[in-house]
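Have a look at the structure below, then the notes.
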Amino acid sequence: RFGNANVFLDRPDIPAGVEWLDEIRTQVDSSTIFLSLIGRDWLSTMRDREEAASVNPAADYVRLEIERAMKPDSGIRVVPVLVQDAPPLRADDMPGPLRAFARLQEERIRFDSLESDTELLISRIEAIARMPAAPRPAAETPPAPVLASAEGVAPPPDAAHYEDVLRQIADEGNLVE
């Protein structure tokens, strides 16, 4: 119903030879609706990725996609879609940066009612698409990085830091998906 030009699926829609992380950022930033499909093992996978990200930040790219879409100024409606028997999201179970994600209204797709669940999801997407778009703020110049606090300790990394690290890893050709 929406047409291929209006739906982006990361794996099949990224052309060969394109920096996949940059393409995902571009697609997320140009979205008005972001669906995150969540299966039964999604939470344990997210925890594993969070742990792996301390060694390889690219391992947590799904979290980075969701966080990017959920930025307050993004203008993107984020919809968690629970697939089959995936348990409802609980903020207390989520990795720190995704706790707000667990507070969003979820949709559900079940195999035994796939047609009616899909129709309901599509009608809700269409309703969101008819809403006036929230204005997207103009790009701001990022503040200068803080190299250390008065105590000589570096601040904790934020999403922008991880994106910079991922870009550097990808640019150096050390990124393996």
Side-chain angles (χ1 to χ4, degrees), residues 1-53 57-137 159 162-163 166 176-177:
R1 279 192 207 171
F2 300 106
N4 289 341
N6 294 315
V7 177
F8 173 76
L9 297 171
D10 58 1
R11 290 196 186 267
D13 288 347
I14 298 177
V18 170
E19 288 191 40
W20 62 270
L21 195 56
D22 286 340
E23 182 65 15
I24 287 173
R25 284 187 193 111
T26 299
Q27 294 295 329
V28 168
D29 290 346
S30 66
S31 298
T32 54
I33 302 169
F34 180 95
L35 302 179
S36 181
L37 302 179
I38 299 168
R40 182 184 59 233
D41 299 324
W42 185 85
L43 185 58
S44 62
T45 300
M46 293 304 292
R47 286 186 184 135
D48 291 345
R49 285 182 172 161
E50 183 180 42
E51 289 175 22
D60 209 4
Y61 63 90
V62 173
R63 179 186 59 82
L64 294 175
E65 287 178 17
I66 295 169
E67 285 181 0
R68 189 174 192 95
M70 288 189 59
K71 289 189 305 188
D73 60 353
S74 73
I76 301 170
R77 177 76 64 97
V78 177
V79 180
V81 179
L82 303 178
V83 178
Q84 193 60 6
D85 59 351
L89 300 176
R90 293 176 5 110
D92 292 343
D93 296 337
M94 302 294 281
L98 293 180
R99 289 197 174 117
F101 181 63
R103 292 190 291 271
L104 299 176
Q105 178 62 38
E106 304 158 342
E107 294 295 329
R108 183 172 294 276
I109 298 286
R110 295 166 298 237
F111 300 136
D112 61 348
S113 55
L114 184 62
E115 189 172 326
S116 61
D117 288 351
T118 303
E119 283 299 319
L120 178 60
L121 179 59
I122 288 171
S123 70
R124 294 200 174 170
I125 291 170
E126 289 172 336
I128 293 168
R130 287 190 298 270
M131 293 177 173
R136 294 182 190 238
Y162 288 118
E163 288 182 23
L166 288 172
V176 178
E177 182 179 21

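Given the structure is predicted, the values throughout are model-derived calculations rather than measurements.
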Quiz prompt | Intermediate values then yes/no, side chain to side chain contact (heavy atoms under 4.5 Å, CB included), Leu104 and Val79 | solution = CA-CA 7 Å; Leu104 299 176; Val79 180; over 6 Å; no
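- Rounding to the nearest 0.5 angstrom, the gap separating the CD atom in Glu126 from the CD atom in Glu119 is 8.0 Å.
- Looking only at side-chain heavy atoms (C-beta outward), Phe34 and Ile66 come within less than 4.5 Å of each other.
- Counting only residues at least two apart or on different chains, no side-chain hydrogen bond (donor to acceptor under 3.5 Å, both in side chains) pair has a member in residues 95-106.
- Looking at residues two or more places apart in sequence or on another chain, you find a ring pair (Phe, Tyr, Trp, His ring centres under 6.0 Å) between Phe101 and Trp42.
- Between the OG1 atom in Thr118 and the CZ atom in Arg110 there is a gap of 10.5 Å [rounded to 0.5 Å].
- The distance from atom CZ of Arg68 to atom CD1 of Ile76, rounded to the nearest 0.5 Å, is 8.5 Å.
- Taking CZ of Arg124 as the start and CG of Leu35 as the end, the distance is 12.5 Å to the nearest 0.5 Å.
- Contact of the Thr32 side chain with the Ile128 side chain is not registered, since no non-hydrogen atoms from C-beta on lie closer than 4.5 Å.
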Distance-only criterion, 3.5 Å: show the donor-acceptor pairs between side-chain atoms of residues 83-97 and protein atoms not counting sequence neighbours.
{"unit_1": "Gln84", "atom_1": "OE1", "unit_2": "Phe111", "atom_2": "N", "d": "2.7"}
{"unit_1": "Arg90", "atom_1": "NE", "unit_2": "Asp93", "atom_2": "OD2", "d": "3.0"}

Practice problem: Go through the steps for Ile24 and Leu64 under the test side chain to side chain contact (heavy atoms under 4.5 Å, CB included), then give the verdict. | Solution: CA-CA 10 Å; Ile24 287 173; Leu64 294 175; over 6 Å; no
Exercise. Could you please spell out the steps behind the side chain to side chain contact (heavy atoms under 4.5 Å, CB included) verdict for Leu121 and Asp117?
Key: CA-CA 6 Å; Leu121 179 59; Asp117 288 351; over 6 Å; no
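- A donor-acceptor pair under 3.5 Å links the side-chain atoms of Thr26 to the main chain of Asp22, judged by distance alone.
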